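These notes concern the structure reproduced below.
Only this structure's heavy atoms are used, side chains among them; waters, hydrogens and symmetry mates stay out. Everything numeric here is computed off the predicted structure, so don't read it as measured data.
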Amino acid sequence: MQPYTGVAKRVVPARAEENEIYIAYANRVGVEGEFDYCGLSCVTGPDGIDIARAGLTEEMIFAELSKEALTRVRSTLSHLNDRRSDLYA
């Protein structure tokens with residue numbers, strides 16, 4: 001909700017990229033009681049780039065997910081392979 005649009009704009013894409021996954025994020029729109037919901041629902045790719053993004057109004061979004069794109073991103077990003085699980089296992 002307002003003023004926390006950073007969750008939809010920054011946190012969701014960051015989580016998608018750092019985990020190398022697709023994320024579908026749905027948020028409400030409009031005012032209910034004391035809360036002003038900001039919308040900005042999205043589908044973000046494993047590279048952290050929006051595939052589909054709603055605005056501040058009620059709308060429906062669509063996205064096509066690709067296993068090939070997922071595989072390509074996972075082959076180019078290496079941070080998950082660089083983990084030192086022996087330090088926390």
Side-chain angles (χ1 to χ4, degrees):
M1 65 198 124
Q2 298 289 2
Y4 306 107
T5 58
V7 171
K9 292 179 178 178
R10 290 187 309 275
V11 175
V12 172
R15 296 299 172 260
E17 183 173 8
E18 74 184 0
N19 291 290
E20 299 174 6
I21 58 172
Y22 288 100
I23 292 182
Y25 173 78
N27 196 13
R28 296 183 70 164
V29 173
V31 177
E32 183 176 321
E34 62 186 65
F35 300 111
D36 183 6
Y37 296 96
C38 59
L40 300 173
S41 298
C42 63
V43 177
T44 303
D47 54 2
I49 297 173
D50 288 345
I51 298 170
R53 168 75 65 179
L56 302 174
T57 60
E58 187 174 315
E59 61 184 286
M60 190 175 295
I61 60 173
F62 299 89
E64 187 171 317
L65 311 184
S66 163
K67 186 167 182 160
E68 291 77 26
L70 181 64
T71 301
R72 185 180 66 254
V73 168
R74 288 181 174 175
S75 71
T76 60
L77 296 178
S78 67
H79 66 279
L80 292 181
N81 295 329
D82 295 339
R83 293 176 299 164
R84 291 280 315 271
S85 59
D86 58 307
L87 297 176
Y88 56 84

Quick one: closest heavy-atom pair of A63 and I51, and the distance?
-> CB-CG2, 3.5 Å
Measure the shortest side-chain to side-chain distance between Y22 and L70 over non-hydrogen atoms and say whether it is less than 4.5 angstrom.
-> yes
When rounded to the nearest 0.5 angstrom, what is the spacing between OG1 in T76 and CD in E20?
-> 7.5 Å
May I ask you to test the R53-P13 pair for a side-chain heavy-atom distance under 4.5 Å?
-> yes
Least distance between heavy atoms, C42 atom then A8 atom = SG-O, 4.4 Å
Mark yes when over 12 heavy atoms from residues, nucleotides or ligands other than E59 sit less than 6.0 Å from its CD; otherwise mark no.
-> yes
Under a single-linkage definition using a 4.5 Å side-chain heavy-atom cutoff for Ile, Leu, Val, Met, Phe, Trp and Tyr, are V12 and L40 assigned to the same hydrophobic cluster?
-> no
Residues that R72 engages under side-chain hydrogen bond (donor to acceptor under 3.5 Å, both in side chains), provided they are two or more places apart = none
hydrophobic_cluster_shared for F35 and Y4, side chain cutoff 4.5 Å | yes
Nearest 0.5 Å, what's the CG-CZ distance between D47 and R74?
-> 12.0 Å
Do L65 and V43 touch side chain to side chain, with heavy atoms closer than 4.5 Å?
-> yes
Return yes when atom CD of Q2 has more than 12 non-hydrogen atoms of other residues, nucleotides or ligands closer than 6.0 Å, and no otherwise.
-> yes
Spacing of L77 atom CG and N19 atom CG [to the nearest 0.5 Å] | 11.5 Å
Could you point out which residue of I21, I23, T44 forms a side-chain contact (heavy atoms from CB on, under 4.5 Å) with R15?
-> I23
